[in-house]
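Written below as structure tokens is the structure these notes are about.
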Amino acid sequence: MQPITTKLVKWYDSHHRILPWRISPSDRFHGQIPDPYRIWLSEIMLQQTTVEAVKPYFNNFTRKWPTVASLAAASQDDVLRAWAGLGYYSRARNLKKCADIVSNDYDGRFPSDVTALKALPGIGDYTAAAIASIAFDIPVAVVDGNVERVITRLYAITPALPLAKPVIRTAMQELTPSKHPGDFAQAMMDLGATICTPKRPACVICPVNDNCQALKTSDPELFPVKSPKKEKPIRIGAAFVAVSPGNEVFLQSRVETGLLGGMAQVPTTAWTARTDGDTQIEAAPFAGQWAAVGSITHVFTHFELRLSVYKANSVSTSSGADGWWVKVENLHGEALPTVMKKAIAAAIPDAFAKRRKLE
DNA sequence: AACGCGGGGAG
DNA sequence: CTCCCAGCGTT
């Protein structure tokens with residue numbers, strides 16, 4: 001029987017996904033070399049984010065900024081505006097920091113060893129291993145959510161994550177070949193994404209089903225074991241959409257760190273634990289004829305937010321608050337996270353309606 | 001080790 | 001609805 005590694009690499013040769021940042025095994029054979037900048041950019045975007053969500057952002061970024069030097073030359077605001085909607089905005093801030101360091105201290109060339117990569121902002125264990133492996137052919141264990149699932153099933157590893165992480169890493173390291181480690185890492189991830197899925201895995205067509213202890217002795221769907229997660233609290237607040245006579249909306253910048261750091265927002269109250277019967281309308285940023293126009297709900301990673309939305313028309317643009325005014329038709333160019341687009345859309349239903357999605 | 005940190009797609 | 005996705009940084 002062929003080893004697991006051989007089976008997976010053969011499977012990958014014919015069943016790999018076609019992705020904008022990927023060099024196929026065949027193209028690789030014919031001499032194409034991966035661009036570390038594109039590998040890095042894709043890996044940062046893919047952190048906790050699905051391939052389909054990343055594709056349009058990756059294409060847009062590489063069109064605007066084809067090299068790490070061009071990204072370093074951009075402003076953080078430009079980067080945040082292009083990142084808006086993708087989530088986890090500290091990634092965008094670290095992306096810009098990392099581009100600056102590579103451009104200034106490394107002469108525009110990414111380092112190839114794991115330790116130097118991990119020292120860069122936004123690059124941790126997984127991403128360092130992925131870049132070293134895929135872009136530089138370094139045989140290091142690449143462990144993401146897909147690999148955790150495939151490995152725990154192959155070896156029926158019962159301790160819960162994250163306790164099982166060292167065992168998984170060791171097993172992955174032993175499977176990783178010295179020859180084309182990047183293709184093997186991507187083979188494992190493609191297997192996890194397309195066959196060894198979290199629910200209803202397609203074990204019948206899996207190239208390594210003969211090697212799978214979970215399939216042999218248990219149920220693959222029971223792996224990996226994970227520690228229980230806690231429930232999300234609810235927070236409430238109010239958002240204020242001020243509209244000027246010239247059809248402009250008032251925006252502010254959020255503080256640089258923490259939730260939605262550095263992104264744009266309409267003025268809001270603080271977001272507090274749920275209380276009863278408090279309209280909070282007195283917290284409006286301007287004097288004006290504020291009218292309730294509805295409410296929105298938005299789910300963040302660790303809490304659910306319910307915002308009452310208020311709108312005022314004919315607000316003077318000379319009102320003194322710290323921020324800026326943007327014409328409604330230009331809102332799409334701002335660094336607005338999804339929750340703020342929802343709030344604005346509650347007050348101005350067609351604010352984002354005619355905008356095509358990125359492609 | 002636990003927590004803060006977005007958004008969306010699949011089942 | 002729930003789960004989880006090519007995780008990282010801080011505490």
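A note on names: the letters A, B, ... follow the listed sequences, proteins ahead of strands, and every chain is numbered from 1.
- For Thr338(A) and dG6(B), the shortest distance from a side-chain N or O to OP1 or OP2 is not below 4.0 Å.
- Below 30°, between 30° and 60°, or above 60°: for Trp40(A) and Phe110(A) the angle between ring planes is between 30° and 60°, a tilted geometry.
- Per the geometry, CD belonging to Glu148(A) stands 10 Å off C1' belonging to dG7(C), to the nearest Å.
- Note on Tyr88(A): every side-chain N or O is 4.0 Å or more away from OP1 and OP2 of dG4(B).
- In this pair, Phe58(A) and Trp21(A) present their aromatic rings perpendicular. The plane angle is above 60°, beyond the 30 to 60° band.
- Judged by atom type and distance alone, Thr49(A) reaches the base of dG6(B) through a side-chain donor-acceptor pair under 3.5 Å.
- Between the CE atom of Met45(A) and the C1' atom of dG7(B) there is a distance of 14 Å, given to the nearest Å.
- Checked by distance alone, Arg17(A) brings a side-chain donor or acceptor within 3.5 Å of a matching partner on the base of dA6(C).
- When heavy atoms are screened at a 4.0 angstrom cut-off, Arg93(A) is found touching no nucleic acid atom at all.
- Between Phe223(A) atom CZ and dC4(C) atom C1' there is a gap of 19 Å when expressed in whole angstrom units.
- Here the nucleotide nearest the side chain of Pro198(A), chosen from dC8(C), dG4(B), dC5(C), is dC5(C).
- Protein atom CE of Met188(A) is 14 Å distant from nucleotide atom P of dC5(C), rounded to whole Å.
- Base contact: Leu86(A) has a heavy atom under 4.0 Å from a base atom.
- Residue Ile44(A) is out of contact with every strand shown, counting any heavy-atom pair closer than 4.0 Å.
- Taking the side chain as every heavy atom from C-beta outward, Pro181(A) and Asp137(A) approach each other to under 4.5 Å.
- Remark: aromatic rings of Phe300(A) and His298(A) are close, center separation under 6.0 Å.
- Each of Lys199(A) and His302(A) was assigned the nucleotide of DNA chain B with the nearest heavy atom; the assignment lying further toward the 5' end belongs to His302(A).
- The residue Val54(A) sits apart from the nucleic acid: no heavy atom pair falls under 4.0 Å.
- In this model, a side-chain donor or acceptor of Thr301(A) finds a partner on the base of dG6(B) within 3.5 Å.
- Going from atom NZ of Lys55(A) over to atom P of dA6(C) covers 12 Å, rounded to whole Å.
- Think of Phe223(A) as one node in a network of Ile, Leu, Val, Met, Phe, Trp and Tyr side chains linked at under 4.5 Å; its network also takes in Leu222(A).
- Contact check, Arg149(A) against dC5(C): a side-chain N or O comes under 4.0 Å of OP1 or OP2.
- Using cut-offs of 30° and 60° for the angle between ring planes, the Trp290(A) and Phe286(A) rings count as parallel.
- Side-chain proximity of Thr127(A) to the nucleotides dC8(C), dG6(B), dC5(C) is greatest for dC8(C).
- Using a 4.0 Å heavy-atom criterion, one finds that Gly85(A) contacts the sugar-phosphate atoms exclusively.
- Taking atom CD on Glu221(A) and atom P on dG11(B), their separation rounds to 11 Å, with Å as the unit.
- Using a 4.0 Å heavy-atom cutoff across all strands shown, Pro337(A) reaches sugar-phosphate atoms only and no base atom.
- As judged by a 4.0 angstrom heavy-atom cut-off over every strand, Trp21(A) is placed among the base-contacting residues.
- Checking dC5(B), dC4(C), dC5(C) against every side-chain atom of Lys229(A), the shortest atom distance belongs to dC4(C).
- In this structure, Asp144(A) atom CG and dA6(C) atom P are separated by 7 Å, rounded to whole Å.
- Among the heavy atoms of the strands, none lies under 4.0 Å from Ile134(A).
- Between Gln48(A) and dG7(C) there is a side-chain polar atom (N or O) within less than 4.0 angstrom of OP1 or OP2.
- For the C1' atoms, the distance from dC5(C) to dG6(B) is 12 Å, rounded to whole Å.
- Checking each of Arg17(A), Arg22(A), His16(A) against Gln186(A) for a side chain to side chain donor-acceptor pair (under 3.5 Å) leaves exactly one that passes, namely Arg22(A).
- At least one side-chain nitrogen or oxygen of His298(A) sits closer than 4.0 Å to the OP1 or OP2 atom of dG7(B).
- Looking at the side chain of Tyr126(A), the nearest of the listed nucleotides dG4(B), dG7(C), dC3(C) is dG7(C).
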